[in-house]
Amino acid sequence: MAETPEADAPLARLILALRAQGVTDARVLKAIETTPRELFTPDLFKERAFEDSALPIACGQTISQPFIVGLMTQALKVDRRDRVLEIGTGSGYQTTVLSKVSRLVYTVERYRTLLRDAEARFNALGLTNVITKFGDGGKGWPEQAPFDRIMVTAAAPSEPKALLSQLKPNGILVAPIGKGPVQSLRRYTGDGHGGFEVEALTDVRFVPLLDGVAKEL
Ligand code: SAH
């Protein structure tokens with residue numbers, strides 16, 4: 001049976017919208033295009049999987065808005081040889097996009113349920129370059145440091161010093177920084193001598209980076 005062109009229309013529209021908003025990196029767009037967002041979206045919201053909006057997932061958390069996923073992935077300037085640390089696995093959507101543009105993704109989540117569901121999705125997609133950990137991502141992953149790139153997908157209240165210390169000298173970290181409902185998306189670029197250039201990219205709304213692991217499942 002011939003494929004109906006309509007089937008891919010929402011995805012094609014989403015990609016065009018991201019492009020129009022400045023996500024122009026071909027590798028990033030391709031990674032988003034080949035990541036089935038409906039797989040990461042709860043049943044209740046599957047019809048909205050290709051809308052450019054954040055959606056609720058379990059444990060009171062959210063799957064990020066595709067535009068923000070594109071923007072953050074592009075801002076991270078990931079090379080295909082890079083080892084990337086991601087804090088806040090959530091649904092695993094951003095993790096999957098990162099896995100398609102890098103060599104290895106290390107991802108940390110503080111809710112066991114979210115991590116288990118995300119792991120099932122990585123398996124279903126046959127991803128072989130994602131390594132997961134249940135823990136407090138604010139502390140990073142010292143045993144695997146240093147990383148070429150670090151992405152934080154929950155809002156850090158202030159400069160994430162522990163994570164910056166796990167970055168290679170010329171590495172890049174992208175994170176929402178701020179205590180309120182609206183935070184500043186910042187990019188820290190290592191200067192090779194232990195210092196960083198800091199850029200404020202745009203305003204974003206993320207759930208907070210919390211201390212410790214979740215007691216509930
Ligand atoms: N990138 C995700 C969005 C995640 S929302 C996606 O694409 O679906 C932010 C996630 O960060 C939540 O799952 C939350 O539980 C997690 N989080 C918050 N604080 C954390 C911490 N200290 N360590 C690890 N994960 C944390």
Side-chain angles (χ1 to χ4, degrees), residues 14 18 23 28 31-32 35-42 45-46 48-76 78 84-102 105-122 125 127 130-142 144 147 149-163 166 173-179 181 183 185 204-217:
L14 175 65
L18 298 199
V23 181
V28 173
I32 292 177
T35 300
R37 193 165 185 252
E38 70 279 8
L39 196 74
F40 299 85
T41 311
F45 297 103
K46 287 229 189 289
R48 298 178 56 191
F50 291 97
E51 275 179 22
D52 190 16
S53 55
L55 295 168
I57 57 174
C59 308
Q61 306 302 314
T62 49
I63 172 172
S64 303
Q65 178 190 354
F67 167 60
I68 296 298
V69 169
L71 189 75
M72 288 176 74
T73 310
Q74 178 167 283
L76 204 58
V78 186
V84 182
L85 173 65
E86 180 199 29
I87 306 304
T89 316
S91 68
Y93 179 64
Q94 170 75 74
T95 320
T96 302
V97 171
L98 282 171
S99 81
K100 295 183 182 213
V101 295
S102 65
V105 183
Y106 297 81
T107 185
V108 186
E109 171 58 53
R110 67 187 290 278
Y111 277 100
R112 286 184 197 278
T113 316
L114 291 178
L115 195 61
R116 199 194 50 222
D117 290 355
E119 283 166 347
R121 294 178 181 122
F122 303 148
L125 291 170
L127 302 184
V130 174
I131 304 170
T132 61
K133 174 171 146 164
F134 169 69
D136 179 357
K139 300 189 171 67
W141 197 328
Q144 297 294 346
F147 298 95
R149 300 287 184 266
I150 299 180
M151 183 187 286
V152 188
T153 70
S158 58
E159 187 171 276
K161 294 209 171 55
L163 297 176
Q166 294 177 27
L173 175 149
V174 171
I177 312 282
K179 293 192 177 85
Q183 309 96 28
L185 184 66
V204 286
R205 288 172 173 271
F206 274 87
V207 296
L209 184 75
L210 300 173
D211 275 338
V213 296
K215 289 193 186 66
E216 57 275 50
L217 287 175

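All values below come from the heavy atoms of this structure, side chains included, with hydrogens, waters and symmetry mates left out. Note that ligands are numbered from 1 as they come in the structure, with each ligand's atoms numbered from 1 the same way. All of these numbers come straight from a predicted model, not from anything done at the bench.
- Judged by distance alone, the side chains of Ser53 and Gln65 never bring a donor and an acceptor atom under 3.5 Å apart.
- In the vicinity of Val207, heavy-atom distances shorter than 4.0 Å reach the ligand 1 atoms 5 (S), 9 (C).
- Residue contact annotation: Gly135 has a non-hydrogen atom under 4.0 Å from ligand 1.
- Residues Gly90 and Ala118 approach most closely at O-CB, 3.9 Å, considering heavy atoms.
- Figure legend: cation-pi geometry between Arg37 and Phe50 absent, as NZ or CZ is not positioned both under 6.0 Å from the six-membered ring centre and within 45° of its axis.
- Distance check, rounded to the nearest 0.5 Å: CD of Gln94 to OG1 of Thr107 gives 9.0 Å.
- Atoms of ligand 1 lying under 4.0 Å from at least one heavy atom of Tyr111, given by number and element, are 15 (O).
- Leu163 and Leu173 get closest at one heavy-atom pair: CB-CD1, 3.8 Å.
- Shortest non-hydrogen contact noted between Pro181 and Arg205 is O-CG, 3.4 Å.
- Near Ala154, with a cut-off below 4.0 Å to any heavy atom, the atoms of ligand 1 are 11 (O), 18 (C).
- Using a distance-only test at 3.5 Å, with no hydrogens or angles considered, a donor-acceptor pair links the side chain of Lys46 to the main chain of Thr41.
- For atom 25 (N) of ligand 1, the nearest non-hydrogen atom of the protein is Arg110 N, 3.4 Å.
- With respect to atom 11 (O) of ligand 1, the closest heavy atom belonging to the protein is Gly88 CA, 3.2 Å.
- Closest to atom 9 (C) of ligand 1 among all protein heavy atoms lies Thr153 O, 3.3 Å.
- The structure places CD1 of Ile87 at 11.5 Å from NZ of Lys139, a figure rounded to the nearest 0.5 Å.
- Counting only heavy atoms of the protein, atom 22 (N) of ligand 1 lies nearest to Leu210 O, 2.6 Å.
- In this structure, the separation between CD1 on Ile57 and OG on Ser64 is 8.5 Å, given to the nearest 0.5 Å.
- In terms of protein heavy-atom proximity, atom 3 (C) of ligand 1 is closest to Thr62 O, 3.3 Å.
- In summary, the atoms of ligand 1 found under 4.0 Å from a heavy atom of Gly90, numbered by their order in the structure, are 4 (C), 13 (O).
- Counting only heavy atoms of the protein, atom 18 (C) of ligand 1 lies nearest to Pro208 O, 3.6 Å.
- Under a 4.0 Å criterion applied to the non-hydrogen atoms of Glu86, ligand 1 contributes the atoms 1 (N).
- Between the side chains of Glu119 and Thr132, at least one donor N or O sits under 3.5 Å from an acceptor N or O.
- Short contacts between ligand 1 and Gly138, defined as distances under 4.0 Å to a heavy atom of the residue, involve ligand atoms 22 (N).
- By the criterion of a heavy-atom distance under 4.0 Å, neither the backbone nor the side chain of Asp211 is placed next to ligand 1.
- Between Tyr93 and Pro66, the closest heavy-atom pair is OH-CB, 4.3 Å.
- Distances shorter than 4.0 angstrom occur between a heavy atom of Thr89 and an atom of ligand 1.
- Within ligand 1, counting atoms from 1 as listed, the ones closer than 4.0 Å to a heavy atom of Ile63 are 8 (O).
- In terms of protein heavy-atom proximity, atom 23 (N) of ligand 1 is closest to Gly137 N, 2.7 Å.
- Distances from ligand 1 to the non-hydrogen atoms of Lys139 include no value under 4.0 Å.
- Atoms of ligand 1 found under 4.0 Å from any heavy atom of Leu114, numbered from 1 in the order shown, are 13 (O).
- Counting heavy atoms closer than 4.0 Å to ligand 1, residue Gln94 contributes atoms from both its backbone and its side chain.
- When hydrogens are left out, the protein atom nearest atom 8 (O) of ligand 1 is Ser91 OG, 2.6 Å; that is the closest non-hydrogen contact.
- Side chains of Thr89 and Glu109: a donor-acceptor N/O pair is absent below 3.5 angstrom, by distance only.
- Of the inter-residue distances, the one linking Leu185 atom CG with Ile177 atom CD1 reads 8.5 Å to the nearest 0.5 angstrom.
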